[in-house]
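Inspection log for the structure reproduced underneath, given as structure tokens.
We count residues from 1, following the sequence as given.
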Amino acid sequence: MMHTFLFEPGVWTSKGTFWRADGELLEAQGRTEIAHHPTAWLLSGSLKVFGSPPVEFVNAYSISPPGRDGTSMKWTSDSATLGKLSGTFSVVGSSILSVYTCTASGYHGAEHMGQVDANHYNAAGILLLNERRLSSWQVVLTRKSGS
């Protein structure tokens, strides 16, 4: 099965669970849009966490399109909270892995997106500061029909 997340322009919604550093479980919902341009793929999205008060994480990635082998893509993102992140998406069978870091602040983490079918992925990730877990999440990504 060919990957659709990242590799095809579209809009994805997400729904699942977010854990704070103290282990509190919170509901999370989000939206991600992927656009392909000749020199870069753009991923823009947000994840709203329904805590007290609610918090919204906004992401904007610039992704270098994959090379010949089609299995690895570098990305960058500027975050008001975390600083400039850089990472790599790597395709491993039915999974897309993302590993990222911010050398200036010590933030780093990883995310796994496992393809269920062309319109669904299970995603789980973790954000660390040095070696301390700040947050983690587990969501289902669903491609909006018509996108």
What are the two closest heavy atoms between Val91 and Gly70, and how far apart are they? CG2-O, 4.2 Å
Would you say the side-chain atoms of Thr142 pair up with the backbone N or O of His120, donor to acceptor, closer than 3.5 Å? no
Scanning both residues in full, the closest heavy-atom pair of Ser95 with His112 reads OG-NE2, 2.8 Å
Do any side-chain atoms of residues 30-41 form donor-acceptor pairs under 3.5 angstrom with protein atoms, and if so which ones, sequence neighbours left out?
from	atom 1	to	atom 2	distance (Å)
His36	NE2	Leu6	O	2.8

Could you check if a side-chain atom of Glu27 sits within less than 4.5 angstrom of a side-chain atom of Lys15, using non-hydrogen atoms only? yes
Using the ring centroid of each side chain, check whether Tyr61 and Tyr100 are separated by less than 6.0 Å. no
Nearest 0.5 Å, please: how far is CD in Glu111 from OG in Ser136? 11.5 Å
Rounded distance (nearest 0.5 Å) linking atom OG of Ser64 with atom CZ of Phe89: 11.0 Å
Report the residues that fulfil side-chain contact (heavy atoms from CB on, under 4.5 Å) with Leu82, sequence neighbours left out, ordered by chain and then residue number. Ser79, Leu85, Tyr107, Leu127
Would you compute the distance between atom CG of Leu26 and atom OG1 of Thr17 and round it to the nearest 0.5 angstrom? 9.0 Å
Between Phe18 and Val139, is any pair of side-chain heavy atoms under 4.5 Å apart? no
dist Lys144:NZ -> Thr13:OG1 (nearest 0.5 Å) comes out at 7.5 Å
Results of ring pair (Phe, Tyr, Trp, His ring centres under 6.0 Å) for His108 - residues two or more places apart only: none
Excluding sequence neighbours, so at least two apart, what forms salt bridge (charged side-chain N to carboxylate O under 4.0 Å, His left out) with Glu24? Arg20
Distance-minimising heavy-atom pair for Met73 and Pro65: CG-C, 4.2 Å
Contacts of type side-chain hydrogen bond (donor to acceptor under 3.5 Å, both in side chains), residue Glu131, not counting sequence neighbours: none
Could you tell me if the side chain of Phe7 sits less than 4.5 Å from the side chain of Ile96, heavy atoms only? yes
With clusters defined by side-chain heavy atoms of hydrophobic residues (ILVMFWY) lying less than 4.5 Å apart, directly or transitively, does Val49 cluster with Leu128? no
Hydrophobic clusters here meaning ILVMFWY residues chained together by side-chain heavy-atom distances under 4.5 Å, can you tell me if Ile126 and Leu97 are in one? no
Interatomic distance, Asp22 atom CG to Arg133 atom CZ [nearest 0.5 angstrom]: 9.5 Å
Would you mind listing the cluster partners of Leu42? Hydrophobic ones only (ILVMFWY), side-chain contacts under 4.5 Å, chaining allowed. none
Taking every non-hydrogen atom, the tightest pair across Lys48 and Pro54: CE-CB, 4.1 Å
Working to the nearest 0.5 angstrom, can you tell me the gap between Trp19 CH2 and Ser135 OG? 11.0 Å
Can you tell me if Gln115 uses its side chain to pair, donor with acceptor, with the backbone of Met2 under 3.5 Å? yes
For the pair Arg143 (side chain) and Ala118 (backbone), establish whether a donor and an acceptor sit closer than 3.5 Å, ignoring hydrogens and angles. yes
Atom of Ala123, atom of Met113 and distance for their closest heavy-atom approach: CB-CG, 3.8 Å
Distance-only polar pair, side chains of Ser14 and Trp137, donor-acceptor under 3.5 Å: no
Between Ser90 and Thr88, what is the shortest heavy-atom contact and its length? OG-CG2, 3.7 Å
